[in-house]
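Residues: numbered from 1 along the sequence shown.
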Amino acid sequence: MSNSEQDMRAELEALRATLADREAELASFRDQRHALETTLEDLATHQEELRAQNEELRHAREINESLVVRYAALFDGAPIGYCTIAGRRAVTSANRRACELFQVNHGTEVEHKPIHLFIHPESHATLSRHLDKVMAGQAASDEIRVLGRDGHEVDCLVQSRPTSEDDGPDDDTIPTCLTTFIDISQRKQTERALTDSELKFRNIFTLAPFGMMTLSRDGRVMETNAAAQRMLGLSAHELRGTAYRDLLAPETTPTEAHRLAEGLPRPGWVDVVEREFRGRGDRHLLTRVTFAVMPTDDGQTVQGLAIIEDMTERREMEARFRHTAKLTLLGEMSASLAHEISQPLNIIRLKAEGALERLKRQGFDPDRAEQGFAAIEEQVVRLFEVISYMQGLSRRDTGAIQPFSATRAMRAARAMVSKQFRDDNVLLDMDDRLGETQALGRQHQLEQVLVNILRNAHDAVLSAEGHRVRQGEPPRVRLRACVESDGDHLRIVVENNGPRIPDDLKARIFDPFFTTKSGDHGTGLGLSISLGFVTEMGGTIDVRNAEAGVAFEVRLPRVAQERAPPETTAPHAETGPGPDASPVAGANADAGGRPHVLVVDDEEEAAREIAGFLEAVGYRVTVALNGQQALEIHLDDPAHAVITDLRMPERDGHWLIDRLRAGPRRVFILIITGQAARTSRELDGLRQRADALLRKPVSLRDILRHLRTSLDVPADRLMV
């Protein structure tokens, strides 16, 4: 091998070695480039992460700044005073509310000043103890009084908790605290008012003139005031723990205490009841109890409060007042009662005297005597009923509540006013659907209530306003009764077709001394007494405007019965004799020169007895039941003498006398009346209107005496 080849080979090897080195360097460069690219990618990732972190930091900074602003606003605008206080008892910051409490314009006027400058001297010691406790690392709460710059005092609740502040690079901290000032002036004022209220309530409870006691839920007395102790004659020690029911009359059921024990009434429930209390010895008290349910202090249960008002003297005065008012009512009814008494007496006297005269002339007639004695017995019963009613009206109402016949009470009341109604041509209808149903109460009280309402109805339909609203219809009063649909009560209604009651007067119509009657025609006591009677019997009385007129409704408890009367019972309607009743004819056939006597009286039995007696002694007698019938008879068959009553339906005696006096021929007029004259002038006026005046009960011989002296009749024509 030549040298050149060797050189070329050596150079080629050298080149190969260089190429290998270059390839190694190139591979190294490739690794470095890959590493660099990886590093660049990592840098880009880190850069993105840094950008995200910067964004988060910026957002966090904004939130922090917002929170700082919000905290500052909350701190400064809070309705509670905030202060930070350093260990030297100096204020480092204060919000606006604290400045208002301290009466300064800005926080700079408070900063770095001792907190005691703004506290009332009386509260300095309390504040010092408060701050000492807080600076020692404990939270504290106290009540102090803040003193403003202008001397304004505010009661505050001070609450503090410890904090700390950095004082330099050595991490030394200064103890501080955050203190809140809460204005409690209104609460303190309320507490003082509550204390005053409790004191007033305690004074009211203790010094009240009426008895008061509190009861536990099981109905036992807890506290009593002095008035309750005086009323019962027992001390507070004796009353404490006593069962409420043991203080009441044995027959009393204390429903209010039972409801309290059963937990039925809620707090605020109030009821008013009447109770009879028994105290020491034989002490009895009629009381009105206002029973209230109150919550206890813990609010978990209830207790009772009984306010006891002694009604013993008041009830006695009310009873006397009602009794006096009833006697006044009895006086007002004296004329009607006198008539109701004189009429039976008159019939009795006439029957007895007529029987004696017949015995003298004709001997004993058993049938006629039996009829006469039956009539006398009937009139005695009638008289007894009137006297019983007067006794019931005049006596005190102390009878027991018991079953009675409401129908009998209605009939008795109707009987007492029927004469007055007939005389004034007022129709009185009675519709009784009670059957054998009994009411619970007092019969004579219901009679008085109905008589009063019926008399008011009578006056209403005959008043000037009553004439106007009826527009020509006859005056009418209707008394009806039935069993209520609930089966526990019965209802009695008195309706009239008189004037209605204005709405503004209905609420006052049962008030004492209130009356719609003019002049001296009403005392205003009747309906008030009636309300008291019905209430005592456990019933109600109400007034309403009906379709035509006014209706009074009385509801009474009904005595339980096995079977109620059917509602379809035919109505039992009774009215006085109507104007169409036929006259009772006397001995008109035998007109042979005998004097004609006309007897006018709405009491048919009395008229028949007078007519029979006069016919027996030789007179020709005709009977009429009212003035209208009498005038018609007189025009057809003129009478020589007229014997007349005064008060009659369908033209009374006054009207008849006026017509007879205006006639062409003179007629002897004899008045027979049971009507009481209120004055001597009125009695003289009656005597001047007639030729003779006789008072009931009248004697047949007195009638005959007047006729014999006034009529020119031959003695042989009269059988005396």
Problem set entry | side-chain contact (heavy atoms from CB on, under 4.5 Å) partners of T535, counting only residues at least two apart | L531

Seminar exercise, completed: For H458, the ring pair (Phe, Tyr, Trp, His ring centres under 6.0 Å) test, sequence neighbours excluded, returns F421

Problem set entry | Qualifying residues under salt bridge (charged side-chain N to carboxylate O under 4.0 Å, His left out), relative to D424, sequence neighbours excluded | R647

Exercise. Judged by atom type as modelled, is there a donor-acceptor pair below 3.5 Å linking the side chain of H596 to the main-chain atoms of H640?
Worked result: no

Problem set entry | Nearest-0.5 Å distance that lies between atom CG in D423 and atom CG in L646 | 10.0 Å

Exercise. Taking NZ, NE, NH1 and NH2 as the nitrogens, is one of them in R620 or D637 under 4.0 Å from a carboxylate oxygen of the other?
Worked result: yes

Problem set entry | Residues which pass side chain to side chain donor-acceptor pair (under 3.5 Å) with D658, listed by chain and number, not counting sequence neighbours | R689

Exercise. Listed by chain and number, what are the side-chain contact (heavy atoms from CB on, under 4.5 Å) partners of A607, not counting sequence neighbours?
Worked result: V599, D601, V623

Exercise. Of all residues at least two apart in sequence or in a different chain, which pass the side chain to side chain donor-acceptor pair (under 3.5 Å) check with R651?
Worked result: none

Exercise. CZ of R661: more than 12 outside heavy atoms within 6.0 angstrom?
Worked result: yes

Problem set entry | Donor-acceptor pair, side chain of T709 and main chain of H706, under 3.5 angstrom | yes

Exercise. So do the side chains of I610 and L700 get within less than 4.5 Å of each other, counting heavy atoms only?
Worked result: yes

Problem set entry | Identified side chain to side chain contact (heavy atoms under 4.5 Å, CB included) partner of R480 from the options R433, E495, M410 | E495

Seminar exercise, completed: For D542, the side-chain contact (heavy atoms from CB on, under 4.5 Å) test, sequence neighbours excluded, returns none

Exercise. What ring-ring contact (aromatic ring centres under 6.0 Å, His included) pairs are there with at least one residue in residues 685-704, not counting sequence neighbours?
Worked result: none

Exercise. Can you list the residues that meet the side chain to side chain donor-acceptor pair (under 3.5 Å) rule with R544, with sequence neighbours excluded?
Worked result: E553

Seminar exercise, completed: Distance col, row N346:CG vs L694:CG, nearest 0.5 angstrom, shows 10.0 Å

Problem set entry | Any donor-acceptor pair under 3.5 Å from H489 side chain to V483 backbone | no

For this session: Name all residues meeting the salt bridge (charged side-chain N to carboxylate O under 4.0 Å, His left out) criterion together with R500; count only those two or more places apart in sequence or in a different chain, and write none if there are none.
Result: none

For this session: Identify, with sequence neighbours excluded, every residue that meets side chain to side chain donor-acceptor pair (under 3.5 Å) alongside S463.
Result: none

Exercise. Considering residues at least two apart in sequence or located in another chain, which fulfil the salt bridge (charged side-chain N to carboxylate O under 4.0 Å, His left out) criterion with R665?
Worked result: none

Problem set entry | Test item: E609 side-chain N/O and E605 main-chain N/O as donor-acceptor pair under 3.5 Å | no

